[in-house]
Amino acid sequence: IPLLFMADVIYGFKTAFPIPLALSCSFNPDNYKNATSVAAAESAASGIHLTFAPMADLVRDPRWGRVMESPGEDPYLNCIMTKAAVQGFQGDNPKEKGKIASCVKHFAGYGASEGGRDYNWVDISENTLYQYYLPSYKAALDAGAKMVMTSFNVIDGIPSSANTKLFRNILRKEWNFNGSTISDYAAIHETIINGLAENGEDAALKCIEAGVDIEMMSTHYINFGKKLVNEGKLSIELINQAVRNILNLKNDLGLFENPYKDASEEDEKRLHLCTEHRQLARQAARQSLVLLENNGVLPLNSKAKIGVAGPFADTDSASGGWFITAKNGSSSLMTALTERGFDVKSAMTAVLGSMEDKVFDVEDKTTEAAETLSDCDILIAAVGENPSDTGEACSKTCLRLSPNQEKLIQKLKQTGKPVIVIVFSGRPMELKPILPYCDALIQGWFLGTETGTGITDVLSGDYNPSGRLAMSFPQNVGQIPIYYNNYRTGRPYTGSNDHYVSKYLDCPNEPLYPFGYGLSYSKVEYNNFKAFVKNEKIEAEITICNRSDKETLETVQLYIRDIYASVVRPVKELKGFQQISLKPGETRTVHFTITKDMLKFYNPQLDYVFEPGEF
Ligand code: BGC
């Protein structure tokens, strides 16, 4: 029986793509699909058969370090992105050369860890679970994902790995999933620490019964499986089912004929970091960053002398926390700007300490940096969080930039020169404190191998930025969890002076930047919105005009509100989007057809229904 070689190939193997949250901000599923198909080709050549990806967990809390691996806060966008990711890894058939099997994770609700603290418990209503959290896992299975991983969290009082309702009822019965399942790392053992299983034997029994086929890392199945069967406590049929699922997977991958599948040193040389892969990574990088502010300083004047400062000005490690196979090797901003012909100078480029190492800052060279760069025309601050402070076990309660980075931005602004701030982070940070000092602000995430080149495409104006946020940016940590598609309160705040309404006394309800937000270098006008019912469908259209002299890629987003229903519905929900390219001055009419299916939701009995009414 051949072995299965499995690994975390999340957003690249040797060629690093932007982190998944950033890919989602491109609102272009092709970028995620390219990322995973490149990752599949490169890792298959190195002998990998299956990846523990994509992570489909919906997220609302940027304190949680793993938001970087998620497609974001919206069920609709998450489904589209997750599906694209699976298609890229597996193609039409994971047996094909250069494809690997995909394991969607973490089932279920891991993104709702209370307080944003990793591995923490989750307490969400069934309606919320079905409405918001489950759809993206299901989308992965509809796209053919071969495996499902449990999550670390307790949900409804039961750890996911021992959760019969999740793994037998929802996954197998409701969704007819016939692939295999795996626990997360030692999660079966952790059911003992949770206090659900009495000991290793009990943990094995409960998790096999719940429907988990493979135990990752801990060894209770191996230690106690046989004993449990011999003593009549565990039915051999459950063992047979689990084994059959795993053998089927190996068979689907063709491992019985060819146990090492695509492993080939020659292919490794040919594919790893090849030009074609890097080009796809560069397109993804420039489409994934999000322009948040711009008073006209961008795009850069090609004649201007540019000063670049901060820990991300000249680093080759901008691939984010999950990149284990090639941590370094991203193109640096300084190098890319220089190669593009800009006159550049740098200062204070020392590496940022990580919170894990208890050195959460850079040395204060802010005064010297401002002095050194004072003869430049435009200043760029490349700031953010240490890549190893994002990802698993990297929860934070303070989302501000480190003190010396905030100080650097202020000092640069005091020179009187325009300041462009680029934030490298795996999560939405608290950016309000730096806003007064930014002439332009770019959310640069961690963009992978083509970080510098991708950003330079945008800074130079060679690419007109098109990214839109897949996660809301809070005004401050006190607003968290914050997301755009919340349920409706009975006392909404409408801007009046009423005291007894749903609001904060010290902060607006709105996020600093909402889901779906992002600027380009063009002024785009939306006019003539129309919606009418025809043949039991709603036809909606709008005219979009590019009032600029630059070609632009505009993401037209369709949101719906269900005015009245048998359960309280969200204030609005994304139901569609179209990315359209507009030439300078061009006007186009964008059309959406809204079907009854798109208006369905889970009613109080958890039936997925369409209720006629006003939308
Ligand atoms: C993570 C998973 C990952 C696994 C194997 C766990 O700690 O939660 O996402 O796939 O480790 O590396």
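Read the numbers this way: they start at 1 and go in the same order the structure lists the ligands and their atoms. Predicted model only: the values in this text are computed from it and were never measured.
- At a 4.0 Å heavy-atom cut-off, ligand 1 touches Arg66 through the side chain alone.
- Considering backbone and side-chain atoms together, Lys105 places an N or O closer than 3.5 Å to an N or O of ligand 1.
- If you look at His106 next to ligand 1, the close heavy atoms, those under 4.0 Å, all belong to the side chain.
- Counting the atoms of ligand 1 from 1 in the order shown, those under 4.0 Å from a heavy atom of Glu392 are 1 (C), 6 (C), 7 (O), 8 (O).
- The distance from ligand 1 to the heavy atoms of Phe52 drops below 4.0 Å at these ligand atoms: 10 (O).
- Counting only residues at least two apart or on different chains, the ring pair (Phe, Tyr, Trp, His ring centres under 6.0 Å) pairs with a member in residues 39-78 are Phe5-His49, Trp64-Tyr110.
- The shortest N or O to N or O distance between Asp184 and ligand 1 is under 3.5 Å.
- Both the sub-6.0 Å distance and the 45° axial angle are satisfied by Arg60 relative to the ring of Tyr132.
- A salt bridge links Glu385 with Lys396: the distance from a Lys NZ or Arg NE/NH1/NH2 to an Asp or Glu carboxylate oxygen falls below 4.0 Å.
- Looking at heavy atoms from C-beta onward, Glu201 lies in side-chain contact with Lys233 at the 4.5 angstrom threshold.
- Legend: ring pair (Phe, Tyr, Trp, His ring centres under 6.0 Å) pairs involving residues 185-217, not counting sequence neighbours, sorted by first then second residue: His189-His220.
- Ligand 1 has Met149 within reach: a non-hydrogen atom of the residue lies less than 4.0 Å from it.
- Taking the six-membered ring for Trp, Tyr11 and Phe17 have ring centres at least 6.0 Å apart.
- Numbered from 1 in the order shown, with element, the atoms of ligand 1 that lie under 4.0 Å from a heavy atom of Asp8 read 3 (C), 5 (C), 10 (O), 12 (O).
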